[in-house]
Amino acid sequence: MKIATWNVNSVRIREPHVCRWLQRVEPDVLLLQEIKCEEKQFPAPAFKALGYDSVVAGQKSYNGVAILSRIPLDVHHVTLPGLPPEDAQARYLEIAAAGVTIGNLYLPNGNSGGEAGFAYKMAWMDRLADRAQALLDSDTPFVLAGDYNVAPADVDYATGTLPTDDALVRPETRARFRRMLWAGLTDAVRVTTPTGPIYTFWDYQGGAFQRDRGLRIDHALLSPVMADRLISAAPDKNVRAEDQPSDHVPVLVTFED
DNA sequence: ATGCCGGGTCCTACCCGA
């Protein structure tokens, strides 16, 4: 089973990139973040032509997540459980497919909006940890993957790409990420490559990709059963060198059937 | 320490991202 996650930074602009990647890699399930459109604008027919059904939690202009699948699925949640009902940001979508619960998340960046913006990120991470714990308690095999907007350790961002008090690396941010690991989740990319830098994002500015000054902020966290099934997990770096790329690359995780 | 890039939209100057 192949599950991938990709912040595409506008699905309408990146439709050809996504189609090419689906055809080349043939994931069973692809989680998309920052689709930046409502469901009615989502290019579902292009993906359907390649054999993929779409589930969309859209929002005008900002955020937005979607799931493409070539295997049958059930939709379980279109928002992150526990958030206030007035929260209208489209950042979470959860399905079950082939007996695996799959959560697709676009975690708030936390740098805009001052301390209130950062507090929103912290609350969101608390609710995500709650969701992970509930799934652990139910003994459901699961994967929580997406753009976490967290560089978990210093090795996960190139020197000088972020200030030390950036919301992606603040101690409160990292503590909440670590709490999910301590609860029993496995960081698929990091256990596959235990040491050294592995980036999933390179800024558009300053020749960041050419200089390989990136961040590792897109993650797949696995429940214990899924960690036992893990074969490989890695970003597809070559995608960043295509024309008109997203600033993030896909992260592909492969499991034993 | 960022907004030089590249999306978005109130169509075009401004908001947002990491």
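Every heavy atom of this structure was used, including side-chain atoms; hydrogens, water molecules and symmetry mates were not. Letters go in sequence order (proteins before strands), and every chain restarts at 1.
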Item to complete: Report the C-alpha distance between A/Lys48 and A/Asp53 in whole Å, list the side-chain angles of each, state the deciding distance to 0.1 Å, and finish with yes or no for salt bridge (charged side-chain N to carboxylate O under 4.0 Å, His left out).
Response: CA-CA 6 Å; A/Lys48 184 67 180 175; A/Asp53 290 325; 2.5 Å; yes
Discussion item. Under a 3.5 Å cutoff, is there a donor and acceptor pairing between the side chains of A/Tyr92 and A/Asn63?
Written reply: no
Discussion item. Taking 4.0 Å as the cut-off, does a side-chain nitrogen or oxygen of A/Arg12 come that near to OP1 or OP2 on B/dT9?
Written reply: yes
Worksheet item: Does B/dG7 have OP1 or OP2 sitting under 4.0 Å from an N or O in the side chain of A/Gln244?
Response: yes
Taking the [atom1] atom of each, how far is [N] from [M], in whole Å?
N: B/dC16; M: B/dC10; atom1: C1'; value: 16 Å
N: B/dG3; M: B/dA18; atom1: C1'; value: 10 Å
N: B/dA1; M: B/dG7; atom1: C1'; value: 23 Å

Worksheet item: Any donor-acceptor pair under 3.5 Å linking the side chain of A/Arg12 with the backbone of A/Pro43?
Response: no
Item to complete: Please examine the side chains of A/Met1 and A/Glu256, heavy atoms only from C-beta on, and report whether any two atoms are closer than 4.5 Å.
Response: no
Discussion item. Using a 6.0 Å distance limit plus a 45 degree cone around the ring axis, check whether A/Arg216 lies over the aromatic ring of A/Tyr199.
Written reply: no
Practice prompt. List the protein contact pattern of nucleotides 10-18 of chain B with one symbol per nucleotide (5' to 3'): B for base contact, S for sugar-phosphate-only contact, - for none; contact means a heavy-atom distance under 4.0 Å.
Written response: S----BSSB
Worksheet item: So does A/Arg211 pair up with A/Asp203, basic N to acidic O under 4.0 Å?
Response: no
